[in-house]
Amino acid sequence: MTPPEYAAKVLTKFQPLLDRTPPRKLFLKDKNIFYIGGDLKFASKTTRDKMDFVRKKGGTVVPVYDPSIVTHIVTDTTPIPTLKALALKSLTEIPDHIPTVLWSWITSGNRGKLEFEWMHAAFSSRIDADSSKRSSKGKEAQFPRQVAGTVSGGVTNSSVIDDDHHPQTPSSSLHPSSAAPPFSSAANPPQRTRHASQQCNGPEGDPLAEYYALAAADQESAESNDSSDGEMPMDEVVKQSRRGFTCDQRNTDNGHCLNQGIIDKLQELMELHKEKLSDHDRWRVFSYSKTIRALRNHPVQIKSYEQARAIKGVGDKTARKIEEIIQTGELRRIDWEKTPDVESIKNFKGIYDVGPHTAYQWYNAGCRTLDDVKARKGGITLTPTQKIGVEYYDDINSRMPRSEAEQIFNKIKPIALEIDPMLFIEIMGSFRRGKADCGDIDILITRPTHDGKTHAGVIRSLLTELHVRQIITEDLATPDNFDGLEATYRGLCRLDFRSRRRRIDILAVPYESRGAALLYYTGDDIFNRAIRYKAGSMGYSLNQRGLFTAVARDPNDRRKKLTKGYVIASETEEEIFKILNVPWQEPHERVRAV
DNA sequence: TGTCAGATCTA
DNA sequence: TAGATC
DNA sequence: GACA
Ligand SMILES: O=c1ccn([C@H]2C[C@H](O)[C@@H](COP(=O)(O)OP(=O)(O)OP(=O)(O)O)O2)c(=O)[nH]1
Ligand SMILES: [Mg+2]
């Protein structure tokens with residue numbers, strides 16, 4: 001568990017406490033305090049009293065320093081211990097919107113109203129730090145949107161906004177500044193109807209106590225090796241990386257999200273970028289999805305550019321967008337990206353085996369609707385797979401209840417076991433993650449070799465049998481080798497003759513690869529990419545066969561492997577997690593998609 | 001400025 | 001090899 | 001789009 005996660009947990013856990021005291025006395029409401037007492041590892045009596053005080057006044061005590069969460073650092077000690085507590089090497093690394101104040105600032109609230117932060121600045125060098133600081137960054141000029149119609153007849157809609165020339169904010173002249181309603185109305189009301197509950201009391205009445213030990217322990221293990229850069233921590237200096245690995249961070253079980261308004265807008269924009277063709281747009285989607293995930297797990301309402309910017313993965317551009325959403329409730333870039341092709345492209349891509357390239361090809365051939373495609377308008381051609389995709393368009397694009405996936409699997413499994421009772425056959429993907437609905441059925445097959453036999457040949461038998469029984473009805477992609485230990489199959493299947501068609505995938509792997517295969521096939525896809533990325537950053541390579549070391553890559557084309565490397569783990573998921581220093585997560589915890 | 005996962009199947 | 005998909 |  002990472003420090004921010006502790007913070008998040010604590011924050012959500014004690015939110016209900018805020019309800020008790022009359023609002024006007026809660027002068028620390030919305031303040032997230034990181035308090036630095038005398039001793040880091042041990043919360044002394046007075047420290048605990050102070051924390052209690054903070055909470056009583058509506059504040060939140062954050063047990064671990066995370067600049068994206070903390071609003072105030074309260075310290076009565078000198079810079080050195082303070083920096084140590086923050087894991088920073090210089091006071092200048094503290095963002096300007098987080099003031100470092102003395103305890104006296106907190107108590108000043110007792111006189112009716114908190115005094116100015118600068119009056120209680122702990123360090124003169126940071127006297128200018130101010131929590132009320134808002135973006136006030138150099139405002140970007142406004143740009144007129146270019147000829148709107150340029151792309152419509154054009155070929156490659158790649159969301160061609162070169163950011164240097166067309167900033168995210170289209171001119172208001174085109175979108176007559178229709179004074180949008182303040183964002184607050186949309187995102188504000190975290191109706192606190194619940195009351196403080198019993199569960200909040202930990203040992204000794206300090207509900208945070210249990211977290212200190214955990215956090216401290218975790219700090220050590222996390223910071224000692226997992227700097228997310230994979231570089232050696234040279235000195236004592238631990239610099240706060242802005243990069244982290246998505247696979248390391250579980251989702252916080254946020255019932256409701258304080259930043260839903262922001263998320264909705266960014267998501268809408270992301271969905272538009274998904275329909276574009278260029279690599280640039282693909283990476284934007286990658287980036288936005290990261291931001292959205294971060295916002296989902298963020299326990300605090302984002303209220304400023306600075307606050308947004310403090311979140312890992314949120315850079316200048318996105319922070320500006322968030323600021324716009326906060327201030328106006330709108331995001332003009334959405335209208336910019338909402339080009340006429342988006343809808344057609346989205347529909348075309350719904351056809352199985354049609355991706356961005358084919359979709360635009362057809363669009364440029366004059367197709368606009370599915371009927372156009374069916375009519376082969378513009379002389380377009382379809383592959384056999386795509387024809388199946390058109391025929392079962394609706395089936396393929398609907399998800400099935402978990403129970404149906406289970407029923408189908410329960411038909412398939414006995415058939416497989418009849419072929420070879422020693423088979424290991426499991427249902428994977430979203431089903432294994434416990435999802436209530438499944439986009440398809442993913443089946444993993446392998447077989448122990450203790451008795452000197454293998455599952456060679458069973459894929460052929462199984463597929464044949466499933467066809468005969470009309471469980472599998474169409475093939476989409478058949479294995480390279482039907483009789484090997486490795487095979488991937490894709491097709492359509494159905495529970496019975498009156499059921500919808502469902503997508504089915506079968507993966508067979510050698511027994512030694514079962515751990516890596518389980519890991520891969522459980523996903524989700526984002527989690528896989530993240531853990532593989534982490535592996536790569538640590539000098540390993542991870543795929544469905546195993547975790548490899550010493551994989552040499554072509555420096556010119558990094559996708560090309562020069563050496564296969566050596567397997568160092570593949571039989572269990574656990575060993576792979578362990579080596580990669582990824583906290584163990586059950587399948588249902590490996591959800592990263594937004 | 002390069003990287004953001006790594007593999008299989010099809011045409 | 002590129003495109004689509006897992 | 002973000003980050004090293
Ligand atoms: O780009 C991808 C897609 C999928 N997978 C892995 C993870 C995923 O869990 C599994 C099965 O893929 P599928 O497309 O079936 O996803 P799912 O997680 O099962 O979700 P759904 O319910 O949409 O099928 O294959 C990847 O590693 N990368
Ligand atoms: Mg699936």
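The chains referred to below are lettered A, B, ... by the order of the sequence lines, with proteins before strands, and numbering in each begins at 1.
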M428(A) to T522(A) - nearest heavy-atom pair and separation
CE-OG1, 3.3 Å
With a cut-off of less than 4.0 Å, is there a side-chain N or O of R282(A) near OP1 or OP2 of dT3(B)?
no
In whole Å, I'd like the distance from the OH atom of Y352(A) to the C1' atom of dG3(C).
12 Å
Distance, rounded to the nearest Å, where L277(A) contributes CG and dA4(C) contributes P
9 Å
Please determine if E337(A) and R333(A) form a salt bridge, counting it only when a charged side-chain N lies under 4.0 Å from a carboxylate O.
yes
Between P on dA4(C) and CD1 on I388(A), what's the gap in Å once rounded to a whole number?
17 Å
Return the value, rounded to whole Å, for the distance between atom CD1 of I506(A) and atom C1' of dT5(C).
16 Å
Would K265(A) and E330(A) pass as an ion pair if we require N to O under 4.0 Å?
yes
If you compare all heavy atoms of I459(A) against all heavy atoms of P479(A), which two are closest, and at what distance to 0.1 Å?
CG2-CG, 4.2 Å
For the pair made of CZ in R242(A) and P in dG1(D), what is the distance, rounded to whole Å?
16 Å
With sugar-phosphate meaning primed atoms plus P, OP1 and OP2, does V285(A) contact a base, only sugar-phosphate, or nothing at under 4.0 Å between heavy atoms?
nothing
I322(A) has an atom CD1; how far is it from atom C1' of dG1(D), in whole Å?
12 Å
Provide, to the nearest angstrom, the distance between the CD1 atom belonging to I441(A) and the P atom belonging to dC6(C).
14 Å
It should be established whether T291(A) places a side-chain nitrogen or oxygen under 4.0 Å from OP1 or OP2 of nucleotide dA2(D).
no
Using salt bridge (Lys or Arg N to Asp or Glu O under 4.0 Å) as the criterion, point out the one residue from D394(A), D440(A), D395(A) that pairs with R500(A).
D395(A)
Give a yes/no on whether any side-chain N or O of R503(A) is located under 4.0 angstrom from OP1 or OP2 of dC6(C).
yes
Measuring to OP1 and OP2 of dG1(D), would you say a side-chain N or O of R243(A) lies under 4.0 angstrom away?
no
Taking E275(A) first and then K346(A), would you say they form a salt bridge - that is, a charged N and a carboxylate O separated by under 4.0 Å?
no
Within this structure, what is the NZ-to-P distance between K349(A) and dG3(C), rounded to whole angstrom?
14 Å
Between N259(A) and H298(A), does any side-chain donor sit less than 3.5 Å from a side-chain acceptor?
no
Under 4.0 Å protein heavy-atom contacts per nucleotide of nucleotides 4-11 of chain B, with B for base, S for backbone only and - for none
BBBSBSSS
